[in-house]
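Reviewing the structure listed below.
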Amino acid sequence: MPEIVFEFSRRDLLRLIQDEMQVYEDETKGIPGYRLADLGQAPDAYLAQIIPVILPDCRISVDQGLVCGQLPEWAKPMPLFSLDTAVTQAFNLFNGRNDLGTIGLKLAQDLDWPEAQSFALARVLFLHLVQRRVCLPK
């Protein structure tokens, strides 16, 4: 899978540096970690433990069937995904308490989908929102 590419504001860069230092510190303790740009290459077992958090200063809105996000430094909202029932349901579970594995299980139960398909939706949405810079691992 390709590396995720980002453009950064100063605030985003400082958060990224802090996250990168945490990954480095964990690796020195023998805890495997992935930088944000490498999350797309992380195995499902690792991703299942990640708790996604929408950035607190990100304003979420709906416009013409699209869910949009806007950080304070952005001039206008950025479309994130279409207002689809399954995707919106997954997004609503990104509450800072549920890990991706739990989100996948809840989606499977609520949508009557196979667990693998539900987890795949949660994983893809998480990676997409990380790339859009509105979501980070807790």
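Just so you know, residue 1 is the first one in the sequence shown, and it goes up from there.
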Would a 4.5 Å heavy-atom cut-off, applied to side chains only, mark Val53 and Phe94 as touching?
->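 Result no, sub-4.5 Å side-chain heavy-atom pair not found.
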Heavy-atom check, side chain of Leu100 versus side chain of Pro52, under 4.5 Å =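 Yes, their side chains come closer than 4.5 Å.
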Rounded to the nearest 0.5 Å, how far does [atom2] of [Y] lie from [atom1] of [X]?
X: Asp44; Y: Gln49; atom1: CG; atom2: CD; value: 11.5 Å
X: Leu47; Y: Leu127; atom1: CG; atom2: CG; value: 6.0 Å
X: Phe81; Y: Arg132; atom1: CZ; atom2: CZ; value: 11.5 Å

Show the numbers, then the answer: is there a side chain to side chain contact (heavy atoms under 4.5 Å, CB included) between Leu66 and Leu80?
-> CA-CA 7 Å; Leu66 296 172; Leu80 300 174; over 6 Å; no
Is there a donor-acceptor pair under 3.5 Å between the side chain of Lys138 and the backbone N or O of Ile51?
->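 Checked: no pair found.
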Just jot down the side chain to side chain donor-acceptor pair (under 3.5 Å) partners of Thr102, sequence neighbours excluded, or say none.
->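 Testing Thr102 for side chain to side chain donor-acceptor pair (under 3.5 Å), a comparison that skips the adjacent residues, returns Asp99.
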If you take all heavy atoms of [X] and [Y], which pair is closest and at what distance?
X: Pro77; Y: Pro79; result: O-CD, 3.9 Å
X: Cys68; Y: Asp63; result: SG-CB, 4.3 Å
X: Ser82; Y: Thr88; result: O-OG1, 4.4 Å

Evaluate side chain to side chain contact (heavy atoms under 4.5 Å, CB included) for Arg133 paired with Trp74, printing each intermediate quantity in order.
-> CA-CA 11 Å; Arg133 299 186 351 240; Trp74 297 350; 3.2 Å; yes
Name every donor-acceptor pair, under 3.5 Å, that has one atom in a side chain of residues 106-122 and the other anywhere in the protein, sequence neighbours excluded.
| residue | atom | partner | partner atom | Å |
| --- | --- | --- | --- | --- |
| Lys106 | NZ | Asn98 | OD1 | 3.3 |
| Asp110 | OD2 | Gln89 | NE2 | 3.2 |
| Ser118 | OG | Ala108 | N | 3.2 |
| Ser118 | OG | Pro114 | O | 3.3 |

Establish whether Val67 and Phe126 are linked, either directly or via other cluster members, by ILVMFWY side-chain heavy-atom contacts under 4.5 Å.
-> yes
Treating Ile, Leu, Val, Met, Phe, Trp and Tyr as nodes and any side-chain heavy-atom pair under 4.5 angstrom as an edge, say whether Leu71 and Phe91 lie in one connected cluster.
->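 Yes, because Leu71 and Phe91 connect within a single hydrophobic cluster, where side-chain heavy atoms sit under 4.5 Å apart.
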Leu136, Val134, Val124 screened by side chain to side chain contact (heavy atoms under 4.5 Å, CB included) with Leu129, the one that passes | Val134
